[in-house]
Undergrad: 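Here's a structure for you.
Ligands are counted one by one from 1 in listed order, and the atoms in each one are counted from 1 as well. Predicted, not measured: the structure shown is a model, and the values here were computed from it.
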Amino acid sequence: MPIEHRVAVYGAYGHTGRFVVAELRRRGWGMVLSGRDETKLRALSVPDPGARVLPAAITDPGTLDELMVGVDAVINCAGPFAFTQEPLIEAAIRAGVHYLDVAAEPDIVERAIRHHADAVAAGVVVSPANAFYGGLGDLIASASAREWTSVDDVRIAYWLSSWIPTPGTLATIDTASTRRQGQRLVWTPAGLELRSDEAPAGRWEFPGPIGTQEVTQDFVTADAVTILHHLPVTRLQECMSIEALNDLGQLDGPGPLAVDERGRSAQRFMVDVQVAKGGVLRRSTAVGRDIYAVSGPLVVEAAARLLDGPPRTGVITAGAMAEPSAFLDALAPDHLQWSRAA
Ligand SMILES: NC(=O)c1ccc[n+]([C@@H]2O[C@H](COP(=O)([O-])OP(=O)(O)OC[C@H]3O[C@@H](n4cnc5c(N)ncnc54)[C@H](OP(=O)(O)O)[C@@H]3O)[C@@H](O)[C@H]2O)c1
């Protein structure tokens with residue numbers, strides 16, 4: 001069978017990178033596996049004799065250029081993205097290759113958006129944050145907004161049954177905290193702001209069986225940037241269940257424990273999204289298992305939509321790809337279930 005697409009995966013042997021590689025393998029796409037550790041890359045490539053292995057330091061533009069040769073897109077899974085995103089976006093633009101990532105840091109996703117003009121000039125798409133944070137909320141809000149070209153309110157609440165972080169998540173939180181000098185990021189109509197006060201606490205009524213939960217309000221995720229990139233919004237609020245945040249406080253551990261044949265953990269999630277315009281409220285909710293695992297098929301579906309759809313250029317986030325509801329349908333029911341807003 002001819003190979004449909006060939007994709008480079010940077011950070012391929014990381015926890016999330018492995019879910020991306022598994023999805024590419026399932027689709028039978030050609031792969032170039034990359035990252036900084038050759039031994040881990042070679043071990044990962046064993047079941048795929050056709051996969052190319054190319055070790056590359058993120059600080060080595062020459063090897064990153066080599067990584068782009070003969071591929072249709074590059075998927076960056078190596079975080080903190082504060083360090084890996086710029087060199088890979090620049091290499092992709094130099095080579096005329098589409099760039100996608102799973103970045104979670106809102107300010108870094110905002111930085112990626114500044115590459116819009118360069119991406120248009122190079123005839124490629126730069127698509128940051130195609131993952132649980134940044135991708136899923138964007139898709140659900142966009143699918144709910146449907147024909148509305150702007151909305152008054154977007155409210156997103158996340159519930160996680162637990163949150164056992166990976167080393168990459170911890171390093172990303174740590175780097176972001178240093179970058180922000182311990183302050184928290186807040187969404188305002190004028191853009192993201194840093195504040196040193198405590199985030200307000202509140203309650204959110206999730207659909208059953210989760211029900212009412214204590215939440216932290218003003219919990220800014222990459223969704224706050226990806227949605228705003230293509231959908232004018234007057235007010236945006238994100239909330240996160242406090243129980244999940246408390247788990248993040250228990251930092252030392254082996255990371256998420258695989259409990260099924262796909263390598264997913266037992267973690268459950270719910271993303272509850274409300275969009276409102278002119279007094280009309282639309283609510284849509286997604287549930288699923290393992291926020292890292294769902295990010296793999298999500299970013300690969302985004303790549304498929306870019307590579308198989310009509311030619312597009314510039315910065316495009318998941319929710320702005322054609323038919324966000326069809327995008328979500330493509331992930332269901334294997335990777336999530338979602339209720340369509342009435
Ligand atoms: N938006 C979302 O919802 C979402 C979902 C999943 C993951 N993520 C993000 O994805 C990133 C990775 O998470 P993970 O769970 O896969 O973590 P992980 O299992 O710890 O993997 C991190 C990967 O990044 C690589 N890496 C880190 N810094 C690097 C650098 N400077 N140069 C080259 N490679 C580097 C690591 O390589 P080494 O092992 O060689 O250090 C490893 O392959 C994190 O930033 C996380 O926040 C976001």
Undergrad: Got a salt bridge between Glu23 and Arg18, using NZ or NE/NH1/NH2 to carboxylate O under 4.0 Å?
TA: no
Undergrad: Sort out for me which residue in Val109, Val102, Thr175, Ile89 forms a side-chain contact (heavy atoms from CB on, under 4.5 Å) with Phe81.
TA: Val102
Undergrad: List the protein residues in contact with ligand 1, where contact means a heavy-atom separation under 4.0 angstrom.
TA: Tyr10, Gly11, Tyr13, Gly14, His15, Thr16, Arg36, Lys40, Ile58, Cys77, Ala78, Gly79, Phe81, Thr84, Val102, Ala103, Ala104, Ala131, Phe132, Tyr133, Thr166, Pro167, Gly168, Thr172, Tyr292, Ser295
Undergrad: Are Ser150 and Lys277 packed together at the side-chain level, in the sense that at least one heavy-atom pair is separated by less than 4.5 angstrom?
TA: yes
Undergrad: Is there a side-chain contact between Leu245 and Thr216 (heavy atoms, below 4.5 Å)?
TA: yes
Undergrad: Between Asp152 and Arg235 (salt bridge meaning N to carboxylate O under 4.0 Å), is one present in this structure?
TA: no
Undergrad: Between Asp334 (side chain only) and Leu331 (backbone N and O only), is there a donor and an acceptor less than 3.5 Å apart?
TA: no
